[in-house]
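Quick notes on the structure that follows.
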2 protein chains.
Amino acid sequence: MPATIRDVARASGVHISTVSRTFSAPHLVNPETRVRVLACAEDLGYRPNRAARALITGRTHNIGLIVADIANPFFPPLIKAAEGQARHRDYHVFVADTNEDPVAEEELVHALAKQVDGVLLCSPRMSNSLIEQVSREVPVVVINRQVTGLPCVMMDVGQGARLAVEHLLALGHRRIALLGGPRGSWTNREMRRAAGAATRAGGADLTVLGPNPPTETGGGAAAEQVRRSGVTAVLAYNDLQAIGLIEGLDALGLRVPADVSVVGVDDIALSRLTRPKLTTVATPTAAAGRTAVDMLLQHDSEGPRGARGRSAAAGDRRTTAQVMLQTELVVRDSTGPVPPSGRDAPGA
Amino acid sequence: MPATIRDVARASGVHISTVSRTFSAPHLVNPETRVRVLACAEDLGYRPNRAARALITGRTHNIGLIVADIANPFFPPLIKAAEGQARHRDYHVFVADTNEDPVAEEELVHALAKQVDGVLLCSPRMSNSLIEQVSREVPVVVINRQVTGLPCVMMDVGQGARLAVEHLLALGHRRIALLGGPRGSWTNREMRRAAGAATRAGGADLTVLGPNPPTETGGGAAAEQVRRSGVTAVLAYNDLQAIGLIEGLDALGLRVPADVSVVGVDDIALSRLTRPKLTTVATPTAAAGRTAVDMLLQHDSEGPRGARGRSAAAGDRRTTAQVMLQTELVVRDSTGPVPPSGRDAPGA
DNA sequence: CCCGGAGCTGCAAAGGTTTGCAGCGAAGTA
DNA sequence: TACTTCGCTGCAAACCTTTGCAGCTCCGGG
């Protein structure tokens, strides 16, 4: 029932190949012919069949975006940015949610591989070697993780953690905890490394707690542990955890920031809405989404993926750039000077 | 380079049609042959080409999901549920974000129509007639809106609004405001109708304010208006607005719930994290996503869409069910008894 | 012994589009 | 005038899979 290229050809008195060219290579057809064809196409409500096009060109004009948990408010701005950028280049985005499960992640990426031109792996939980294997099957850009040999866009959470720790040191804190994130998270390792270095440099003490789920519940559940550890400040894996932790501490009778200071990471919209407003490390989430799409689509004139077309000898300069986006510290109300009494010295 | 059905056929010594059947109609092929074919396919890493399959069957095994704003925390749980349900039935989901723009919405649905088997229109902002037109091009299930003749899944916000108003009446409030949502929102109209009826029935007064954007900013911006209106309780269009409003009122020196009571709608995760915790109308978001997918895929054995296949005379029983999901009131801390001094009588 | 059916497999057309190649006329060059 | 070039168009193969039909073998019944 839907109009095909053939119907348009018949209606406008030209060959189907001319109609095809009208859409995919307009400069090759006579302007007069072109307007006629376009008019007929419009009339008949013709829309190119993407399956047929994909079949022959080998390119679907779709990209896959795999995230750990779409309900985590960190991701939607990234998804939104990626989607906008993709649409802008005439691509569409498949979003898939792995529920923080590495196995689901692998299955999904395979299921998607056949029907997209590339995949954005966002905060992947699977191993580097698995990612490399996947990248041989389909072009991949990794977000929030460093994998050598693959294009990556990262946010400098190391720097962010350092800034956060320095902020806490300046407020007089000497016993600081790092709330660990999920196992397998690159961000987690980076934060730990940087926070460790920064505390050492400041002559302070870093206690690492975790791993914990990157959720509000995960943060809340760690409250008791935090209390017992006797620290006066906590750097959480992300804002959600930080918010949950504040709730949890509150239930334990510890006030933020009077008794304990808390810093989050991500600067999700929510962090401005809680009381106290959250001091946090802002990550350029939207920029990351846009950049990743650009990197993936950089070579989209290269012709069919894995096709028997003329070799890509010249086009094979996949630069595999690795981009590190800067973060910054946003100081709000959840951090304050170390409590004078020093709750770490019960008798003092 | 990727293995095709032909390679598998050659490797296993059968005709391509047998390979095809091994995957799409296994019961038609001899068990021995089947295992041999499957083994070869596995060996060669064969994966069916979805474009080719789509070309001939007319079904892509993809569905589109169009939402107003993916960054609105109302949507992710719905998306997640829809995606899971779809995956469960071997479908994938395209998510598209319209930025609350009816024009973008229409463009998107058309762009998507050709490459999906159906579209979920979630909280659409476009007109009913446009939706009907779209539904002639591609199967549609509408979420959060009632369109006669089309399958819809709605959440009973009317009932929710009534419950909320009755709750406020029971607390002694007599001057109540309804914060309107975006123009074109069905939810908005339903709430207005139900809230109006409930206040009238309770001998109280309803002031309608708006329209306002369904965001935190939208709520915050309405704070001044709320103060001037002299009401003691507000029913917001959604939780985001409610939270923004609470912030805004706070900035104006009005405390919630001591001076003004506020009720939201949606029960997003966030509403449990703010202070005060939000009293709100809980909507069954995930259930809506699952139900919508089921309704869309109900007839997925019907054969090619818009094809010249045997007529769907018998299969044409698209029941076009309209499902109304129940809502419930969750009372938390943002509502309380009407202030004794009655701030509506400045001198009293 | 013949016929019919069941179970399985092969054959070939079809689906809508892209694209290298060839053909055509007109314009430009020698 | 003859030859080349250029701009445009038509031709037909190719992409990979599905599916109606026909054919084959094997078995059981009459």
Side-chain angles (χ1 to χ4, degrees), chain A residues 1-37 40-41 44-61 114-115 117 301-310, chain B residues 1-37 40-41 44-61 113-115 301-310:
Chain A
M1 197 59 160
T4 78
I5 212 176
R6 215 172 298 273
D7 301 322
V8 178
R10 199 170 320 125
S12 48
V14 299
H15 194 262
I16 58 164
S17 55
T18 302
V19 178
S20 172
R21 276 187 278 255
T22 304
F23 289 95
S24 47
H27 61 279
L28 289 182
V29 1
N30 186 312
E32 290 176 34
T33 321
R34 197 190 318 167
V35 302
R36 188 155 38 98
V37 170
C40 290
L44 288 113
Y46 167 75
R47 289 175 186 276
N49 180 323
R50 298 183 70 129
R53 180 178 288 183
L55 180 56
I56 184 161
T57 63
R59 336 206 72 242
T60 61
H61 266 236
K114 261 309 194 194
Q115 61 181 327
D117 296 339
S301 40
E302 262 178 23
R305 265 207 307 127
R308 66 250 124 263
R310 49 257 160 281
Chain B
M1 198 60 163
T4 80
I5 212 176
R6 212 172 301 272
D7 301 322
V8 178
R10 200 170 319 124
S12 50
V14 299
H15 193 261
I16 57 165
S17 56
T18 302
V19 178
S20 172
R21 276 187 277 255
T22 304
F23 289 95
S24 48
H27 61 279
L28 289 182
V29 1
N30 185 312
E32 290 176 35
T33 321
R34 196 189 321 167
V35 303
R36 188 156 36 99
V37 169
C40 290
L44 286 95
Y46 167 75
R47 288 174 188 277
N49 180 323
R50 300 183 71 128
R53 179 178 289 181
L55 179 57
I56 183 161
T57 63
R59 334 206 73 242
T60 61
H61 265 237
K114 261 308 196 195
Q115 61 181 326
S301 40
E302 263 178 24
R305 264 206 306 125
R308 65 254 125 259
R310 47 260 162 277

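Numbers restart at 1 for each chain; the letters A, B, ... are given by sequence-line order, proteins then strands.
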Measuring from atom [atom1] of [X] to atom [atom2] of [Y], what distance do you get when rounded to the nearest 0.5 angstrom?
| X | Y | atom1 | atom2 | answer |
| --- | --- | --- | --- | --- |
| Thr18(B) | Ile5(B) | OG1 | CD1 | 9.5 Å |
| Thr4(A) | Arg47(A) | OG1 | CZ | 15.0 Å |
| Arg34(B) | His27(B) | CZ | NE2 | 9.5 Å |
| Leu44(B) | Arg10(B) | CG | CZ | 9.5 Å |
| Asp117(A) | Thr57(A) | CG | OG1 | 7.5 Å |

key: First of Phe23(A) and Pro31(B) reached from the 5' end of DNA chain C, by closest nucleotide   = Pro31(B)
message = By nearest heavy atom, map Leu55(B) and Leu28(B) onto DNA chain C; which one lands nearer the 5' end?
response = Leu28(B)
Nearest whole angstrom, please: distance from the [atom2] of [N] to the [atom1] of [X].
| X | N | atom1 | atom2 | result |
| --- | --- | --- | --- | --- |
| Arg34(A) | dG7(D) | CZ | P | 14 Å |
| Arg50(A) | dT18(C) | CZ | P | 11 Å |
| Tyr46(A) | dG16(C) | OH | C1' | 8 Å |
| Arg6(A) | dT17(C) | CZ | C1' | 9 Å |
| Gln115(A) | dC15(D) | CD | P | 22 Å |
| Arg59(A) | dC15(D) | CZ | P | 18 Å |
| Ile5(A) | dG16(C) | CD1 | C1' | 7 Å |
| Ile56(A) | dG15(C) | CD1 | C1' | 13 Å |

May I ask you to evaluate whether [X] reaches the phosphate of [N], defined as a side-chain N or O under 4.0 Å from OP1 or OP2?
| X | N | answer |
| --- | --- | --- |
| His15(B) | dT9(C) | no |
| Ser20(B) | dT18(D) | yes |
| Thr33(B) | dT9(C) | yes |

Identify whether any heavy atom of [X] sits under 4.0 Å from a base atom; if not, whether one sits that close to sugar-phosphate; answer base, sugar-phosphate or nothing.
| X | result |
| --- | --- |
| Thr18(B) | sugar-phosphate |
| Val19(A) | nothing |
| Ser17(B) | base |

Nucleotide nearest [X] (side chain, heavy atoms from C-beta), chosen from [options]:
| X | options | value |
| --- | --- | --- |
| Asn30(A) | dC8(D), dA14(D), dG10(D) | dC8(D) |
| Arg21(B) | dG16(C), dT19(D), dT19(C) | dT19(D) |
| Ile16(A) | dT17(C), dT19(D), dT19(C) | dT17(C) |
| Arg53(B) | dG10(C), dT18(D), dA14(D) | dT18(D) |
| Val29(B) | dT9(C), dG10(D), dT18(D) | dT9(C) |
| Asn49(B) | dT17(C), dC11(C), dT17(D) | dT17(D) |

query = So which heavy atom on Gln115(B) is nearest to which on Thr60(B), and how close?
reply = O-OG1, 3.4 Å
